[in-house]
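Just below is one structure, and these are the notes that go with it.
Numbering of ligands and ligand atoms starts at 1, following listing order. These numbers come from a predicted model, not from an experiment.
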Amino acid sequence: MRILITGGAGYIGSHTVKALAAEGHEPVVFDNFSTGHRWAAQWGRVEEGDLADRERIRSVLDKHCIEAVVHLAGSAYVGESVSNPAWYYRNNFVNTLNLLEAMIAAEVKRIIFSSSCTVYGIPETLPIREAAKVDPISPYGESKRFIERMLHWFEKAYGLQWLAFRYFNAAGADPDGDLGEQHEPETHLIPLVILAALGKIFPFRIFGVDYETPDGTPIRDFIHVSDLAQAHVAGLRFLSGQGASMPLNLATGSGESVGSIIRAVERLSGREIAVQPCPRRAGDPAVLIADASRASQLLNWHPRYGIDTILETALRWHSRNGGGKPDSS
Ligand SMILES: NC(=O)c1ccc[n+]([C@@H]2O[C@H](COP(=O)([O-])OP(=O)(O)OC[C@H]3O[C@@H](n4cnc5c(N)ncnc54)[C@H](O)[C@@H]3O)[C@@H](O)[C@H]2O)c1
């Protein structure tokens, strides 16, 4: 299939483009490189563009005879969304409306959307299932929820087929070493712990050491980025076979505490990490673990990598690429 990947130069997008190309698809990256990287767009064609420009999206869809869209482009900092909600409604919600309108006009009827576990807010029960209450506590999470609702109504009105992948914590790097995580600023736990081990962050701040968890630190469900990428390959196959539209959790279903991640990175890197216990952050639940069995069954998708591979690949990536790859490479 000829597939447009919005945000294909970003962290998850670039791994997804690689997986789609390996599967024989023809990926076309659509990205404005605001947080993505030119070095990460290594497979398929690249169309520089902004989702704010509906005509540009339409012309790219037509030019490449696109058959399906994987939509990852957007802004993804929870904290920033609280201080600047207008931007999150514009870049995530309004710009996705542009994309969907361009798709309908170009008669492209299949889309996989990058949603997020943040749509659930503070979960009432664990593990979190797709049927759980959707009640986001940040504009970021809410922008994802609005987009899911928009997809629902676009299916009814225009026959759009969609999957909303609710990723839990994406982590790790391409096992071949071609790609990895490079966000500026970095806010994700695993790269931050690794940067602390490499001496680039001092001390490492743990937000909350008094949770009701075995070591007092929060527990999260980490999923390897290449497993997420494979889920998109499986999701497109599912939609091509006229699979039903729905949200799906993408996770491993097992939890790791912040403390256990720190200890594992210390072991792997052979370096001690100086930690500073800090108060809990507002809105950070003690435990976030998903039930991803629906995605496993429907897509015949099974995560291949556990936490050890996540940490090994991420550590290798950050050790090799120091302070980050330059965008000219
Ligand atoms: N990383 C995670 O753990 C995680 C978890 C849940 C959901 N998500 C979602 O997955 C998606 C990808 O996340 P990521 O970590 O790879 O982020 P990322 O910032 O690395 O990638 C986002 C990409 O979108 C591009 N982009 C942003 N706005 C654009 C616009 N208006 N037009 C064109 N391109 C634009 C950026 O340049 C970048 O390449 C996001 O939608 C994010 O909300 C990520």
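- Using cut-offs of 30° and 60° on the angle between ring planes, the pair Y158 and F154 is perpendicular.
- Relative ring orientation between Y305 and H224 is described as tilted, the plane-to-plane angle lying within the 30° to 60° band.
- Inclusion of N169 in the set of residues having an N or O under 3.5 Å from an N or O of ligand 1 is not warranted.
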Stepwise side-chain contact (heavy atoms from CB on, under 4.5 Å) test for Y88 and E142: CA-CA 9 Å; Y88 278 71; E142 200 154 62; over 6 Å; no

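- Selection from S114, G141, A73 by nearest heavy atom to atom 24 (O) of ligand 1 gives A73.
- Of the protein's non-hydrogen atoms, A170 N, 3.2 Å is the one closest to atom 3 (O) of ligand 1.
- Looking at G10, C117, G74 and measuring to atom 21 (O) of ligand 1, the nearest heavy atom belongs to G10.
- In summary, the atoms of ligand 1 found under 4.0 Å from a heavy atom of N95, numbered by their order in the structure, are 31 (N).
- The two residues L250 and A295 come nearest to each other via the heavy atoms CD2-CB, 3.8 Å.
- Considering only non-hydrogen protein atoms, atom 22 (C) of ligand 1 sits nearest to T35 OG1, 3.8 Å.
- Contact analysis leaves A40 out of contact with ligand 1, as no non-hydrogen atom separation drops below 4.0 angstrom.
- Annotation: atom 31 (N) of ligand 1 to nearest protein heavy atom, N91 OD1, 2.8 Å.
- Follow the hydrophobic side-chain contacts under 4.5 Å out from I310 and you never reach Y167; the two are in separate clusters.
- In terms of protein heavy-atom proximity, atom 20 (O) of ligand 1 is nearest to Y11 N, 2.9 Å.
- In terms of N/O distances under 3.5 Å, ligand 1 is not approached by S116.
- One side chain, H71 or T96, offers a donor N or O that lies under 3.5 Å from an acceptor on the other.
- The nearest heavy-atom contact from the protein to atom 26 (N) of ligand 1 is N32 OD1, 3.4 Å.
- By the 3.5 Å distance cut-off applied to N or O atoms, A76 is not counted among the residues near ligand 1.
- The contact set between ligand 1 and F33, taken as ligand atoms under 4.0 Å from a residue heavy atom, comprises 37 (O).
- Here the heavy atom of the protein found nearest to atom 37 (O) of ligand 1 is D31 OD1, 2.6 Å.
- Inspection of the H64 and D62 side chains reveals no N or O donor paired with an N or O acceptor under 3.5 Å.
- Heavy-atom distances between L72 and ligand 1 reach below 4.0 Å in at least one pair.
- Side chains of D221 and T252: a donor on one and an acceptor on the other come within 3.5 Å.
- Heavy-atom contacts of A9 reach the following atoms of ligand 1: 39 (O) (cutoff under 4.0 Å).
- Under a 4.0 Å criterion applied to the non-hydrogen atoms of K144, ligand 1 contributes the atoms 40 (C), 41 (O), 42 (C), 43 (O).
- At under 3.5 Å, a nitrogen or oxygen of G36, whether backbone or side chain, sits near a nitrogen or oxygen of ligand 1.
- With hydrogens left out, the protein atom closest to atom 14 (P) of ligand 1 is H183 NE2, 3.9 Å, a heavy atom.
- Between I273 and E266, the shortest heavy-atom distance links the atoms N-OE2, 2.7 Å.
- Hydrophobic clustering, with ILVMFWY side chains joined whenever heavy atoms are under 4.5 angstrom apart, groups I194 together with F222.
- Contact record, A197 with V265: CB-CG1, 3.8 Å, taken as the closest heavy-atom pair.
- Every atom of ligand 1 is numbered from 1 in the order shown, and the set under 4.0 Å from a heavy atom of S115 is 6 (C), 7 (C).
- The shortest heavy-atom contact between A286 and T213 is O-CG2, 4.2 Å.
- Formation of a donor-acceptor pair under 3.5 Å by the N321 side chain with backbone atoms of W317 is found in this model.
- Looking at F30, Y140, Y88 and measuring to atom 9 (C) of ligand 1, the nearest heavy atom belongs to Y140.
- Heavy atoms of A171 found under 4.0 angstrom from ligand 1: none, in either backbone or side chain.
- Expressed to the nearest 0.5 Å, how far CD1 of I112 lies from CZ of F238 amounts to 10.0 Å.
- Atom 44 (C) of ligand 1 has its closest protein heavy atom at I12 CD1, 3.6 Å.
- Listed by atom number, the atoms of ligand 1 under 4.0 Å from G49 heavy atoms are 32 (N), 33 (C).
- Centroid-to-centroid, the aromatic rings of H152 and F113 stay 6.0 Å apart or farther.
- Among the atoms of L51, some N or O lies under 3.5 angstrom from an N or O of ligand 1.
- Backbone and side-chain nitrogen or oxygen atoms of H37 are examined, and none is located within less than 3.5 angstrom of a nitrogen or oxygen of ligand 1.
- Using a 30° and 60° split on the angle between ring planes, Y77 and H183 fall in the perpendicular class, above 60°.
- Applying the 6.0 Å contact sphere to CZ of R280 captures more than 12 heavy atoms from other residues, nucleotides or ligands.
- Heavy-atom contacts of H188 reach the following atoms of ligand 1: 1 (N) (cutoff under 4.0 Å).
- Between G13 and ligand 1, no pair of N/O atoms sits closer than 3.5 Å.
- Only the backbone of F168 comes within contact range of ligand 1, with a heavy atom under 4.0 Å; no side-chain atom does.
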